[in-house]
Amino acid sequence: MSNDVSTDIVSWLRARKPEIERIDLDQNLLESGALDSLQFVTFLLFVEQLRGESIPQDLVVPENFRSVNAIVSCFFARTEGARTSATADVGRM
Amino acid sequence: MNMNAQQFANKLSARSQSLAYDVHKYFDWPDQLPTDAFWIGPELTTVYGTEYCARASETTLKRLSQAETVNLFSIFAHGESALLQTLMKSWLRPELAEFFRYLTHFADEETKHTCFFVEFCVRYGGGVLPSRTLTLPSTFPPDVERMLGFLRILVFEEIGDYFNVRALDDQRLPELVRRVHQRHHLDEVGHIAVGWRIAAHLLASLGDVPQSTLETAKRHIESYMLSSVQGFYNPDMYRRAGFEDPFGVHAALLEHPARAAANDAILTRARRRLHALWTRGTGEESGQEDKGEMNDVK
């Protein structure tokens, strides 16, 4: 499943940034510009769709989206590795 | 900075003082809002003009309009919060000195907006919906980023006011919802008017910025506008309204030509004013359309 997810994520990113010829699985997506803040909402929804459930807001931190492997590890491999933020929304605390 | 800008800011400050209100007393919050009513007009929902709208029952469309009102107000609440942070990072800078007094009204009014949007979401939507945004460090020089920060504020407010002016007198909506839009609009008129003045001033104050950086900044704002509008398309709301395959609905709507046209309509005024800013150095338009609201505060 993880390989399929990785392929889907890379395909999504490349479709939106065709000028980026190659995306390695460990490449830093945020520093390389393959993923930027303006496309992030749509990207997050795409990851949620692949995952089949929403991603809690505390897990939406740069560290968890730094690379394709990090995304897969945090949100698809059911590991304990996901970093969290300390914030929560009013009414949901 | 000339006296006209100073006088303009003073006039807006006087307007804000005359329109000041206690946000904790301003609204009468009913225990419940009617669930058999639209909370935004169906033509403002994100499925309007598509087969999803045509196939949906009126009950489903009403549920979607209610869910998307909570989504809209949640986005506004998160946006106001980001706006305040941007504003307060810059408002003591000397180039904004003439605007400072009005900017304190601006911040006060935006804080009040946050109060009533949060109150609404907590009372009628189960809480403020989580933000899906991720803020990353800017890649622009500080003065360009400062200008872009104000432009993002402006675009956000222009988009918000698109909904305000269409909802504030819509008799299909509950009175409270209309009143929220009326109050928001009343304040936003001033914010938008002064915002374009500030943006023009910051653009004129830029140092020796390469043309390529300016072009990248223009593309950034265009992308920001599109991503802001796309934020209204929330699969969680399709699920709340009872649509099957909410992620599929979301993906289809983002590619739907009717929705692309609707998105363009939301962004028309902001794009016109941005064009005026980039080409003539002012966000004030030379044509007749939409001049009424700007003139309200002149």
Side-chain angles (χ1 to χ4, degrees), chain A residues 5 8-9 11-13 15-20 27-67 70-71 74-76 82-93, chain B residues 70-71 73-75 77-78 81-82 114-115 117-139 148 152 155 216 219-239 245-255:
Chain A
V5 168
D8 288 343
I9 290 173
S11 298
W12 192 98
L13 292 167
R16 283 150 187 82
K17 293 277 176 75
E19 67 274 19
I20 297 180
Q27 176 180 330
N28 191 313
L29 301 174
L30 306 175
E31 288 180 1
S32 66
L35 177 61
D36 63 45
S37 60
L38 296 182
Q39 66 182 159
F40 187 79
V41 173
T42 314
F43 178 71
L44 181 59
L45 286 167
F46 173 69
V47 174
E48 290 182 0
Q49 182 175 11
L50 291 177
R51 192 175 187 243
E53 60 182 334
S54 297
I55 292 174
Q57 192 179 13
D58 341 1
L59 299 182
V60 182
V61 293
E63 187 66 11
N64 292 341
F65 292 87
R66 70 186 183 282
S67 68
I71 293 165
C74 290
F75 304 118
F76 296 92
R83 307 256 177 113
T84 64
S85 72
T87 59
D89 282 315
V90 177
R92 292 186 167 236
M93 287 186 278
Chain B
V70 175
N71 187 49
F73 289 177
S74 293
I75 289 171
H78 287 294
S81 180
T114 309
C115 279
F117 286 132
V118 168
E119 184 80 23
F120 186 98
C121 294
V122 169
R123 282 178 179 269
Y124 312 119
V128 177
L129 299 170
S131 168
R132 284 186 165 95
T133 58
L134 180 70
T135 303
L136 298 172
S138 171
T139 55
L148 288 174
R152 287 192 295 268
V155 166
T216 306
R219 288 197 295 275
H220 169 89
I221 286 298
E222 175 63 23
S223 298
Y224 175 80
M225 291 197 293
L226 288 173
S227 69
S228 297
V229 171
Q230 286 179 349
F232 299 133
Y233 296 75
N234 185 337
D236 298 336
M237 302 307 102
Y238 306 134
R239 186 179 295 109
D245 186 18
F247 283 112
V249 173
H250 172 261
L253 291 175
L254 285 189
E255 302 295 327

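Below, chains carry the letters A, B, ... as their sequence lines are ordered, and counting in each starts from 1.
Interface summary for chain A: among B:Leu136, B:Leu134, B:Asp236, B:Asn234, the most heavy-atom pairs under 4.5 angstrom belong to B:Leu134.
Residue B:Pro130 comes nearest to A:Gln57 through the heavy atom pair CB-OE1, 3.7 Å, listed as atom of the first residue, atom of the second, then distance. A:Leu38 and B:His220 get closest at one heavy-atom pair: CD1-O, 3.4 Å.
Looking at B:Leu254, only its side chain comes within 4.5 Å of chain A, counting heavy atoms on both sides. For chain A, the nearby part of B:His250 is the side chain; its heavy atoms alone come within less than 4.5 Å.
Interatomic distance, B:Phe247 CZ to A:Ser54 OG, rounded to the nearest 0.5 Å: 5.5 Å. Here the straight-line distance linking atom CZ of A:Phe40 with atom OG of B:Ser131 works out to 9.5 Å at 0.5 Å rounding.
You'll find the side chain of A:Leu45 reaches within 4.5 Å of the side chain of B:Arg132, heavy atoms only.
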